[in-house]
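Being a predicted model, the structure only gives us computed values, none of them experimental.
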Amino acid sequence: RYGYVEFNLIRGKGKGFCHYNVSLSERLQEVLTVELPNHIVGLPYALVSQENLNLRTKVFWLAHFTKAYDVFARYVKPGRVYYDASFTRFYFTYKNKDGCNGYLEKIKRIWSGQDVLLIEGEYSRLGVNNDLFDHVCSMQRILCPAIDAYEKYDDIMNAAVKYGDKKLILIALGQAATVLSYDLAKLGYWAIDIGHVDIEYEWFLRKAKDKIQIEGKY
């Protein structure tokens with residue numbers, strides 16, 4: 001999934017949970033452009049439509065698309081099918097939230113009844129203190145650095161391969177998740193970059209009007 005941070009890293013900029021890294025920037029360019037039969041790339045939904053986005057989100061993406069136009073022009077291929085990177089952002093950004101509950105239930109079906117390996121930042125705590133993963137068959141976690149996880153990429157990749165056989169691998173690890181999902185797809189693993197889904201779920205449960213801090217979670 002590509003969002004504004006991934007595009008900024010390609011442009012040579014980094015901040016927050018991931019500082020600029022030449023290797024990561026190059027890998028993000030690779031993942032965006034190389035087409036594999038068993039791998040899909042998600043781009044921000046706002047590229048397609050801004051009709052149901054709230055004003056805050058709409059202004060944010062318009063400003064970002066203007067700044068990052070060179071990246072889109074260079075790397076996004078006309079005629080290629082892309083998917084919705086914003087599927088994990090199912091609540092906060094929308095003006096009309098009537099469809100959120102049904103959408104959420106479809107997301108939960110992805111892992112319902114599955115043996116899941118969850119690879120996440122050490123303070124993310126996806127599914128902790130909520131029922132997001134109540135219907136998985138089993139859950140195993142690999143905890144990674146909360147910031148600049150890509151610096152430990154080889155270790156994380158080795159652990160994913162070791163523990164992810166015959167499992168659905170869900171990854172919430174910032175920009176490292178984009179590369180990790182791609183590399184695991186090349187090896188025949190089923191992996192999804194699922195970052196943000198837990199925090200969106202917490203806001204959904206609280207009917208939050210703004211992005212609020214959730215106790216115990218980064």
* To do: Take Y2 and D193, measure what side chain to side chain donor-acceptor pair (under 3.5 Å) needs, and give me the verdict at the end.
  => CA-CA 10 Å; Y2 281 77; D193 173 6; over 6 Å; no
Under 4.5 Å between side-chain heavy atoms, hopping through other hydrophobics if needed: is there a path connecting [X] to [Y]?
X    : Y    : value
F90  : L126 : yes
W190 : L36  : no
Y150 : L32  : yes
L28  : F65  : yes

Keeping the roles fixed (side chain from [X], backbone from [Y]), state whether a donor-acceptor pair exists under 3.5 Å.
X    : Y    : value
S86  : P44  : no
W203 : I212 : yes
Y4   : W61  : no
R1   : G195 : yes
S112 : K108 : no
E200 : V197 : no
S181 : A191 : no
E120 : R125 : yes
D131 : D134 : no

Are there more than 12 heavy atoms of other residues, nucleotides or ligands under 6.0 Å from atom [atom1] of [X]?
X    : atom1 : answer
Y103 : OH    : yes
E105 : CD    : yes
K77  : NZ    : yes
F72  : CZ    : yes
E35  : CD    : yes
D84  : CG    : yes
R74  : CZ    : no

* **For E202, all residues meeting salt bridge (Lys or Arg N to Asp or Glu O under 4.0 Å), sequence neighbours excluded** =>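 Once residues adjacent in sequence are excluded, the partners of E202 under the salt bridge (Lys or Arg N to Asp or Glu O under 4.0 Å) criterion are R206, K217.
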Minimal non-hydrogen separation, [X] against [Y], with atom names:
X    : Y    : result
A160 : L117 : O-CD2, 4.0 Å
N54  : F92  : ND2-O, 2.9 Å
I107 : W111 : CG2-CH2, 3.4 Å
V31  : V179 : CG2-CA, 4.2 Å

Is the shortest side-chain heavy-atom distance between [X] and [Y] below 4.5 Å?
X    : Y    : result
N130 : F204 : no
I142 : I156 : no
K67  : K13  : no

* Asked: Checking side-chain contact (heavy atoms from CB on, under 4.5 Å) for the pair K207/Y91: CA distance, chi angles, key distance, verdict?
  -> CA-CA 9 Å; K207 295 181 171 55; Y91 172 75; 4.1 Å; yes
* To do: Linking directly or through intermediates, with side-chain heavy atoms under 4.5 Å: list the remaining ILVMFWY members grouped with Y45, chain and number order.
  =>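 Reading the cluster by chain and number, Y45 sits alongside L53, Y94.
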* **Other ILVMFWY residues reachable from V48 by side-chain steps of under 4.5 Å** =>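 Hydrophobic cluster check, V48: no partners found.
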* To do: Evaluate the ring planes of F60 and H64, with Trp represented by its six-membered ring, and classify them as parallel (under 30°), tilted (30 to 60°) or perpendicular (over 60°).
  =>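 The rings of F60 and H64 lie parallel, inter-plane angle below 30°.
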* To do: List the steps and the verdict of side-chain contact (heavy atoms from CB on, under 4.5 Å) for N21 and D148.
  => CA-CA 9 Å; N21 179 298; D148 291 327; over 6 Å; no
* To do: Tell me whether the centres of the aromatic rings in Y75 and F7 are closer together than 6.0 Å.
  =>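 No, the ring of Y75 stays outside the 6.0 Å limit from the ring of F7, centre to centre.
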* Approximate separation, where rounding is to 0.5 Å, of K58 NZ and K95 NZ ->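 Answer rounded to 0.5 Å: 5.0 Å.
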* Asked: Say you draw a straight line from NZ of K167 to CD of Q140; how long is it, rounded to the nearest 0.5 Å?
  ->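 K167 atom NZ to Q140 atom CD measures 4.0 Å (nearest 0.5 Å).
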